[in-house]
Amino acid sequence: MSRLSIEIVPVTPFQQNCCILFDESEKRGVVVDPGGDVPDILAALDRLGVSLEAIWITHGHIDHAGGAMDLKDATGVDIIGPHRDDQPLLFRLEDQARMFGLSGGVRNAVPDRWLSEGETLAIGSHLFEVLHTPGHSPGHVVFFNRAARFLHAGDVLFAGSIGRTDLPGGDHATLLRSIREKVLPLGDDVGFICGHGPGSRLGTERRSNPFLV
């Protein structure tokens, strides 16, 4: 099986980990969470020689979806995800920009396809299971590649922390339930990339994350 590769492109003042996931042999891939700085994302795709097939969104916050429509316009690919429960957030990205004092370059996003628990997405032969993990936002989803033991966790779980729940639609108890019932059972050996900062392994977080022990 060809190798799954990952390129992280930090974007916007939030330094969000926009990720290019791609098949190393076929050079086909997806962009996960284009929060902004679309020219930088396009430059990375060109440098890697990756043909973009889709845009995947974990949730509807501005730092993860603020550049989705511009990237769609530039490439012609579909926006896939998140869960429909984040529709109010995506349809009000421009309001979110004003709330954070950001000006220009942000447009409300309209996904071509919503995602539900248990669906499967693919990059070539690399299959990703979709898990609905609310708490940070109502419609947050994560993407799990069982063969590679790899998880894109969005803003659900971080190295030593968890997602914020003080934003509209956030709920602390719901987030902890998503982590404990859906994320941690994937296995201690699973490595993950998160929306901000360094990644980790689920076993490390289960044993030492102060929000979980």
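All values reported here derive from a predicted model rather than from experimental measurement. Positions are given from 1 along the sequence.
In this structure, the side chain of Glu26 does not engage the main chain of Gly124 through any donor-acceptor pair within 3.5 Å. Formation of a donor-acceptor pair under 3.5 Å by the Asn209 side chain with backbone atoms of Phe211 is found in this model. Remark: the backbone N or O of Ser200 is not paired with any side-chain donor or acceptor of Thr204 at under 3.5 angstrom. At least one donor-acceptor pair closer than 3.5 Å links the side chain of Glu205 to the backbone N or O of Gly160. Listed for the Asn17 side chain is a donor-acceptor partner under 3.5 Å among the backbone atoms of Cys194. A distance-only check finds a donor-acceptor pair linking the side chain of His152 to the backbone of Gly154 [under 3.5 Å]. A donor-acceptor contact shorter than 3.5 Å links the side chain of Gln96 to the backbone of Leu89.
Note on Phe158 and Leu184: separate hydrophobic clusters, where clusters join Ile, Leu, Val, Met, Phe, Trp and Tyr whose side-chain heavy atoms are under 4.5 Å apart, directly or indirectly. A continuous path of ILVMFWY side-chain contacts below 4.5 Å connects Leu131 to Val183, so both sit in one hydrophobic cluster. Residues Phe91 and Ile79 are members of separate hydrophobic clusters, defined by side-chain heavy-atom contacts under 4.5 angstrom among Ile, Leu, Val, Met, Phe, Trp and Tyr. In the hydrophobic clustering of ILVMFWY residues, with side-chain heavy atoms under 4.5 Å counting as a link, Trp56 and Val77 come out apart. Following chains of ILVMFWY side-chain contacts shorter than 4.5 Å, one cannot reach Val32 starting from Leu52, and the two form parts of different hydrophobic clusters.
Counting all heavy atoms, side chain and backbone alike, Val141 lies closest to Ile57 at CG2-O, 3.7 Å. The two residues Ile123 and Arg28 make their nearest non-hydrogen contact at CG2-O, 3.4 Å. Between His196 and Gln15, the shortest heavy-atom distance links the atoms ND1-O, 3.6 Å. The shortest non-hydrogen separation linking Ala44 to Val9 is CB-CG2, 3.8 Å. When every heavy atom of Arg207 is checked against every heavy atom of Asp188, the shortest pair comes out as NH1-OD2, 3.8 Å. Across all their heavy atoms, Pro34 and Cys18 have their closest contact at CA-SG, 3.9 Å.
Contact annotation: the side chain of Asp37 never approaches that of Ile41 to less than 4.5 Å [non-hydrogen atoms, C-beta and beyond]. Taking 4.5 Å as the limit, every side-chain heavy atom of Asn108 sits out of range of all side-chain heavy atoms of Asp95. Here the side chains of His132 and Lys182 are in contact, with some heavy-atom distance below 4.5 Å. Between Ile6 and Phe150, the closest side-chain pair of non-hydrogen atoms falls below 4.5 Å. The shortest side-chain heavy-atom distance between Arg201 and Val190 does not fall under the 4.5 Å cut-off. Counting heavy atoms from C-beta outward, Asp112 and Lys72 have side chains that approach closer than 4.5 Å. For the pair Leu90 and Val110, the minimum side-chain heavy-atom distance is 4.5 Å or more.
Residue Thr133 holds its OG1 atom at 8.5 Å from CG of Leu151, rounded to the nearest 0.5 Å. Note that the OG1 atom of Thr75 and the CG atom of Leu42 stand 7.5 Å from one another [nearest 0.5 Å]. Remark: Ile62 CD1 to Gln16 CD distance equals 11.5 Å, nearest 0.5 Å. Atom NZ in Lys27 sits 8.5 Å away from atom OG in Ser25 (nearest 0.5 Å). Here Arg3 contributes atom CZ and Phe22 contributes atom CZ; the two are 7.5 Å apart, rounded to the nearest 0.5 Å. Separating the OG atom in Ser116 from the CZ atom in Arg84 is a distance of 8.5 Å, to the nearest 0.5 Å.
Classification of Asp155 and Arg164 as a salt-bridged pair fails, no side-chain N sitting under 4.0 Å from a carboxylate O. Ion pair Asp171/Arg177 not flagged as a salt bridge, since none of the NZ, NE, NH1 or NH2 atoms sits closer than 4.0 Å to an Asp/Glu carboxylate oxygen. Using a cut-off of 4.0 Å between Lys/Arg side-chain N and Asp/Glu carboxylate O, Asp78 and Arg113 are scored as not salt-bridged. Ion pair Arg149/Asp189 flagged as a salt bridge, since at least one NZ, NE, NH1 or NH2 atom sits closer than 4.0 Å to an Asp/Glu carboxylate oxygen.
In this structure, Phe100 has its ring center closer than 6.0 angstrom to the ring center of Phe14.
In this structure, a donor-acceptor pair under 3.5 Å is absent between the side chains of His140 and Asp86. The closest side-chain donor-acceptor pair between His61 and His136 falls under 3.5 angstrom. Side-chain contact annotation: Asp23 with Ser2, donor-acceptor N/O pair under 3.5 Å present. Side-chain contact of Glu24 with Ser5: a donor-acceptor pair under 3.5 Å is present, judged by distance alone.
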### Query
Where do Leu4 and Phe128 land on the side-chain contact (heavy atoms from CB on, under 4.5 Å) test, with the steps shown first?
CA-CA 11 Å; Leu4 176 69; Phe128 286 80; 3.6 Å; yes

### Message
Could you walk me through whether Leu176 and Ile162 satisfy the side-chain contact (heavy atoms from CB on, under 4.5 Å) test, starting with their C-alpha distance in whole Å, then the side-chain angles of each, then the deciding distance to 0.1 Å, before giving a yes or no?
### Response
CA-CA 8 Å; Leu176 288 178; Ile162 61 174; 4.0 Å; yes

### Task
Take Arg146 and Glu129, measure what salt bridge (charged side-chain N to carboxylate O under 4.0 Å, His left out) needs, and give me the verdict at the end.
CA-CA 8 Å; Arg146 191 172 296 274; Glu129 301 168 34; 2.7 Å; yes

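Checking each of Thr58, Ile193, Thr120 against Phe143 for a side chain to side chain contact (heavy atoms under 4.5 Å, CB included) leaves exactly one that passes, namely Thr58. When Leu127, Val30, Leu115 are each tested for a side chain to side chain contact (heavy atoms under 4.5 Å, CB included) with Leu121, only one passes: Leu115.
Within a 6.0 Å radius of CZ in Arg92, other residues, nucleotides and ligands contribute 12 heavy atoms or fewer.
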